[in-house]
Amino acid sequence: MSSKKIPNVALNEPGKKVIMLGNEAIARGVLEAGVTMAAAYPGTPSSEITPAIAACVPFHPHINVEWSVNEKVAFEVAYAGSMSNARSVAIMKHVGVNVATDSLFEAAYHGVRGGMVLVSADDPSQFSSQNEQDNRYYGLHALVPVFEPSTPQEAKDMMKYAFPFSEEHNSVVLFRTTTRMNHGRGDVELGEIEKPDREIGFDFDRNRWVCVPSNSRPQRTSIIKRMEGIAEIADDFPFNGLTISEEKMNGKKYGFVAAGIAYSHLMDTLNQFGLTEKVSILKLGLVHPLPKIMMKKIMNSVDELVIVEELEPIFEEQFKALAFEEQINSVKIHGKNIIPQQGELTPGTLNIKITQLLGIDYTPFKAPELDITAPPRLPQMCPACHHRNTYWVMKQLERKLKLKFIKNNDIGCYSLGVYKPLEAADTALCMGGSIGMANGFAKIVPEGQIVTALLGDSTFFHSGIAPLTNAVYNQNDMLIFIQDNSFTSMTGGQDNPANGIKITGEQGVKIDIAKVVEGCGVPKENIWVQEAYEMDAMMEKMEQAVLAKGVRVFIAKHMCSLQEMRLVKKNKIKLPTVKVDPEKCIGCQICVRKFGCPAISFNFETKKAYIDQSQCRACKTCTFVCPSKAFYVAEE
Amino acid sequence: MEINHFNCLSIGVGGQGVIRATQILADAALLDKHSVRTAETHGMAQRGGSVTGYLRFGSEVMGPLIPKGGANIIMSFEPSEAIRAIPYANADTIMFVNIKPIIPLSVYQNKKIVYPSFEEMQTNLKKVTQKVLFIDAAELAIKAGSIKAANVIMLGVMLGSGALPLSRENLEKAIMDGVPAKALDINKKAFDLGIAKGEELKEKI
């Protein structure tokens with residue numbers, strides 16, 4: 001019943017209070033600002049922003065929104081919007097910004113017409129990421145201003161404010177968020193939705209938009225001035241705030257500086273110990289450039305100043321530099337000496353560090369020692385996931401053919417193959433990196449080893465095509481597995497060119513991966529396309545692919561089992577029932593120890609395997625894997 | 001009711017509905033006119049891994065995370081996950097633990113890893129807080145008409161026990177808001193059964 005009502009994000013009811021995920025609040029800010037262009041590539045923790053914008057389209061049809069094939073393209077799509085005077089937004093995770101930087105650094109020179117915001121979703125503690133890079137640095141590096149909100153309400157308000165700011169200062173705004181902002185809910189009061197009433201169209205100003213040195217040299221001069229200009233108004237930025245307290249504790253005045261989610265944690269700690277009125281606090285919303293008057297004021301007002309920032313000491317270094325420049329010697333500046341540089345900042349850590357510094361007696365509750373621990377529960381591939389089938393067959397063939405595969409893996413659900421029991425990944429670097437690295441390994445591979453690369457459909461479209469052409473051109477022999485499940489699964493099952501559905505739900509063009517591969521110059525006889533649940537054929541075809549020469553591409557296809565189950569549920573399809581015949585089960589545990597389907601368990605008392613029917617998705621692969629053929633299809 | 005801050009930690013296994021339950025509690029807290037913050041596990045970590053939902057509400061709440069030792073209540077959808085949540089408990093924490101275990105594959109793949117027995121888990125949880133309630137949510141959910149209503153049972157028990165300072169009216173509204181029309185009856189029944197169970201267990205906490 002709730003599916004047809006207007007989602008909160010699209011409601012035209014200013015003043016109404018709703019609960020929103022940080023990412024929905026960001027999308028709401030985009031809507032309220034009258035944005036007409038949005039483009040993104042999914043990536044945790046950013047993935048819910050763009051679908052929330054797309055959910056507004058039926059009610060606010062002026063918005064153009066797309067899943068682009070990668071972050072660089074997404075940035076360029078949005079930037080073309082800005083060049084055409086449309087307010088535009090590009091959305092990606094922190095490592096996605098790395099992919100888009102080539103465009104970002106140049107767009108920083110050209111500036112904007114329609115306001116443009118680049119959303120970066122950083123991931124301190126690496127909940128779902130390969131690193132915890134701090135993208136505030138991109139503001140310093142590319143010379144663009146950086147905003148960082150501290151609550152869902154502020155995320156919405158600041159996002160709305162970012163577009164006119166971008167236009168006024170002729171710059172892309174980098175909007176930095178972190179996991180706890182993206183994936184935390186909070187109450188948000190909705191605001192007015194601006195209707196875009198501007199003329200949209202390209203202005204054909206080739207002296208501005210073409211990146212030849214004769215254009216970009218003078219632009220370099222102007223962007224240095226631009227940042228000086230923003231620095232001058234930073235003290236008036238509405239989301240910055242300074243409160244000075246004259247109170248002393250232990251004969252000293254204390255001050256704190258924080259932004260983003262770290263500011264929320266700081267306020268929780270100060271509240272908990274009744275310190276909010278007793279210390280000076282500089283809250284930053286504009287995290288680059290920093291407000292120098294406020295910085296000087298707090299440094300001159302306190303004896304000890306604590307820079308509470310997650311990850312890198314970006315504020316800390318600037319405070320110390322300014323203190324040196326202004327010869328402010330009276331203040332002791334704390335930063336990474338007490339606040340950890342690694343992992344997300346937690347209120348528990350802050351409670352301890354701040355009470356220690358201020359000499360407050362505080363012992364956090366410590367639970368008594370237990371004599372048991374919770375067994376580790378690592379993320380794993382789902383029941384019936386076809387990546388598991390490919391890995392299983394690869395391992396069988398390595399043994400059968402007495403060959404060792406160098407298994408270059410990539411970014412996606414299949415990365416989970418690195419864990420027990422399959423341990424089927426030797427390297428993984430970044431999106432598309434599997435084929436790139438295989439190009440290098442191909443040049444030095446010893447006898448008896450086979451260079452392989454494995455990546456999914458979305459990752460192939462994202463950045464797998466260029467290194468594939470490199471392999472063909474340079475004759476770098478390798479076997480590439482493309483795990484085609486028709487969705488961008490790890491980030492929540494987004495559509496992509498492999499299924500051809502657009503973010504709005506409309507049908508776009510579905511792109512045939514085998515044809516792309518052939519177009520890149522891989523000969524037809526070196527391309528295999530195989531349904532991954534057909535295990536006998538998987539063995540036979542993959543063996544051919546292993547033994548062939550040249551660049552070979554093996555495309556293992558099956559719809560992402562999570563998505564397939566949604567269809568099964570929707571269409572009320574009855575799945576076959578797979579069972580274990582206890583007479584035939586010899587208790588070898590290959591199914592749970594070596595194959596590792598989460599739907600299979602083992603009873604140590606009866607020494608028999610069994611299937612949890614609530615988890616089984618009837619791929620029937622276990623009937624192939626079991627050496628004693630104990631698994632059988634009970635009901636079709 | 002004036003509340004400065006109330007911290008509720010939900011924990012379970014990816015796919016059990018931890019995030020949905022956190023969301024329902026957040027909606028109910030907002031309907032009760034509280035300021036609300038949550039933090040949730042999404043993405044890669046969700047794939048069959050341990051999932052945590054932090055919920056905080058009250059006039060002083062700013063950040064979304066619960067400090068270690070700072071949970072007023074812990075709702076665990078799986079018994080061994082309750083053990084994992086122990087760092088967030090203190091001697092006054094009230095724990096609601098669904099007794100149905102989900103055995104992780106790690107116990108088959110590494111001989112050093114064992115899934116603790118129910119008795120061991122019981123004794124260890126009680127070392128930290130005496131206020132632990134064990135609930136057979138599946139049994140009650142089946143009684144209500146569907147095993148899928150187990151989470152609503154848990155929410156009902158928390159409310160019925162008096163541990164959760166939210167109004168019955170608004171928690172019910174928040175639960176039913178996302179439920180398809182045909183499942184309304186089952187969920188209403190599950191909520192009532194949960195509340196009755198909670199009232200029955202009240203004296204133990």
Side-chain angles (χ1 to χ4, degrees), chain A residues 1-2 17-19 21 44-45 47-48 127-129 150-152 180 182-187 261 263-268 271 344 346-348 351 364-368 370-382 413 415-416 420-421 490-492 589 592-593 596 598 601-602 614, chain B residues 5 13-14 22-23 26-27 30 34-50 54 60-70 80-84 86-87 89-91 103-110 113-116 120-121 124 127-128 147 177-181:
Chain A
M1 72 179 185
S2 55
K17 258 198 178 181
V18 294
I19 290 275
L21 192 65
T44 314
S47 307
E48 298 81 5
F127 293 100
S128 290
S129 303
S150 58
T151 62
R180 297 302 186 184
N182 303 105
H183 289 163
R185 271 166 232 276
D187 36 317
I261 214 78
Y263 172 74
S264 289
H265 295 333
L266 171 68
M267 293 312 288
D268 275 341
N271 270 332
E344 71 167 339
T346 64
N351 286 351
F365 178 82
K366 194 152 176 8
L370 305 186
D371 23 86
I372 51 171
T373 50
R377 211 182 278 279
L378 286 170
Q380 58 197 352
M381 291 177 288
C382 301
C413 289
S415 313
L416 298 173
K420 277 181 190 307
M490 182 65 103
T491 49
Q589 298 183 42
V592 287
R593 278 194 210 282
S601 290
F602 190 79
S614 70
Chain B
H5 48 78
V13 180
T22 307
Q23 214 175 322
D27 286 340
L30 181 75
H34 293 298
S35 187
V36 187
R37 297 299 308 274
T38 78
E40 305 159 5
T41 316
H42 289 235
M44 179 181 196
Q46 253 182 312
R47 300 269 174 273
S50 173
Y54 303 84
E60 282 179 9
V61 166
M62 266 295 281
L65 295 182
I66 298 170
K68 298 247 168 89
S80 74
E81 292 303 315
I83 301 288
R84 206 185 306 283
I86 279 300
N90 61 54
I103 314 281
L105 283 165
S106 58
V107 305
Y108 305 116
Q109 289 147 14
N110 185 337
I113 296 171
V114 283
Y115 189 92
E120 281 175 310
M121 293 194 276
N124 276 277
K127 276 187 192 175
V128 183
I147 180 100
D177 214 30
V179 170

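Below, chains carry the letters A, B, ... as their sequence lines are ordered, and counting in each starts from 1.
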Open item on the list: Please find the pair of heavy atoms, one from A:Phe365 and one from B:Asn90, that lie closest to each other, and give the distance.
Closed with: CE2-CA, 3.2 Å
TODO: Report the option among B:Ala89, B:Pro87, B:Gly69 that has the most heavy-atom pairs separated by less than 4.5 Å from atoms of chain A.
DONE: B:Ala89
Open item on the list: Given 3.5 Å as the limit, does a donor-acceptor pair link the side chain of B:Ser106 with the main chain of A:Pro376, or not?
Closed with: yes
Open item on the list: Using side-chain heavy atoms (C-beta onward) and a distance below 4.5 Å, is B:Glu60 in contact with A:Met267?
Closed with: no
Open item on the list: Please evaluate residues B:Val107 and A:Val592 with respect to the criterion side chain to side chain contact (heavy atoms under 4.5 Å, CB included), reporting the C-alpha separation (whole Å), side-chain torsions for both, the decisive distance (0.1 Å), and the verdict.
Closed with: CA-CA 9 Å; B:Val107 305; A:Val592 287; over 6 Å; no
TODO: Provide the closest heavy-atom pair for B:Tyr108 versus A:Phe602 in the form atom of the first, atom of the second, distance.
DONE: OH-N, 2.9 Å
- [ ] Among A:Ala374, A:Gly184, A:Gly186, single out the residue with the greatest number of heavy-atom pairs under 4.5 Å to chain B.
- [x] A:Ala374
Open item on the list: For a quick test of reading the model, state the closest non-hydrogen atom pair linking B:Gln109 to A:Gly596 and the distance between them.
Closed with: NE2-CA, 4.2 Å
Open item on the list: Heavy-atom cut-off 4.5 Å, strictly under: side chain, backbone, both or neither for A:Ser47 against chain B?
Closed with: neither
Task: Test item: B:Ile83 and A:Thr373 side chains (from C-beta on) under 4.5 Å apart, heavy atoms - done: no
Open item on the list: Please give me the minimum heavy-atom distance between B:Gly63 and A:His265, naming the atom from each residue.
Closed with: CA-ND1, 4.3 Å
Open item on the list: Do B:Val61 and A:Asn271 have side chains that approach each other closer than 4.5 Å (heavy atoms only, starting at C-beta)?
Closed with: no
Open item on the list: Report which part of B:Ile113 has an atom under 4.5 Å of a heavy atom belonging to chain A: side chain, backbone, both, or neither.
Closed with: side chain
TODO: Please test A:Asp371 against B:Lys127 for side chain to side chain contact (heavy atoms under 4.5 Å, CB included), starting from the C-alpha separation and ending with a verdict.
DONE: CA-CA 10 Å; A:Asp371 23 86; B:Lys127 276 187 192 175; 2.5 Å; yes
Open item on the list: Quick one, A:Arg185 and B:Pro64 - any side-chain contact, counting heavy atoms below 4.5 Å?
Closed with: no
Open item on the list: Let me confirm one number: the NE2-OG1 distance from A:His183 to B:Thr41, rounded to the nearest 0.5 Å.
Closed with: 10.0 Å
- [ ] In sequence, state the C-alpha distance, the side-chain angles, and the governing distance for A:Ile19 and B:Gln23, and then conclude on side chain to side chain contact (heavy atoms under 4.5 Å, CB included).
- [x] CA-CA 9 Å; A:Ile19 290 275; B:Gln23 214 175 322; over 6 Å; no
Task: Pairing residues for B:Glu120 by the salt bridge (charged side-chain N to carboxylate O under 4.0 Å, His left out) criterion, not counting sequence neighbours - done: none
TODO: Would you mind checking if A:Asp187 and B:Arg37 are paired as a salt bridge, meaning a charged N to carboxylate O distance below 4.0 Å?
DONE: no
TODO: Heavy atoms only, distances under 4.5 angstrom: which of B:Asp27, B:Asn124, B:Val36 has the most pairs with chain A? Name it, please.
DONE: B:Asn124
Open item on the list: Quick check: do A:Glu344 and B:Leu65 have side-chain heavy atoms less than 4.5 Å from each other?
Closed with: yes
Task: Nearest-0.5 Å distance that lies between atom OG1 in A:Thr346 and atom CD1 in B:Ile66 - done: 12.5 Å
TODO: Would you mind checking which part of B:Ile147 comes under 4.5 Å of any heavy atom in chain A, side chain (CB onward), backbone (N, CA, C, O), both or neither?
DONE: neither
Task: Region of A:Ile261 that comes under 4.5 Å of a non-hydrogen atom in chain B - done: side chain
TODO: Go through B:Met121, B:Glu40, B:Lys68 and name the one with the most non-hydrogen pairs under 4.5 angstrom from chain A.
DONE: B:Glu40
Open item on the list: If you count heavy-atom pairs within less than 4.5 Å of chain A, which of B:Ala82, B:Ala26, B:Gly70 leads?
Closed with: B:Ala26
Open item on the list: Among A:Cys413, A:Ser601, A:Gly492, A:Gly348, which residue has the highest count of heavy-atom pairs closer than 4.5 Å to chain B?
Closed with: A:Ser601
- [ ] Side chain from CB out, backbone as N, CA, C, O: work out which of these in A:Leu21 comes under 4.5 Å of a heavy atom of chain B, or both, or neither.
- [x] side chain
- [ ] Check whether any side-chain N or O of B:Tyr115 sits under 3.5 Å from a backbone N or O of A:Pro375 as a donor-acceptor pair, and report yes or no.
- [x] no
Open item on the list: Going by the rule ring pair (Phe, Tyr, Trp, His ring centres under 6.0 Å), which residues pair with B:Tyr54 if we only count those two or more places apart in sequence or in a different chain?
Closed with: B:Tyr88
Open item on the list: Below 4.5 Å, heavy-atom pairs only: which of A:Pro364, A:Pro152, A:Pro45 has the largest tally toward chain B?
Closed with: A:Pro152
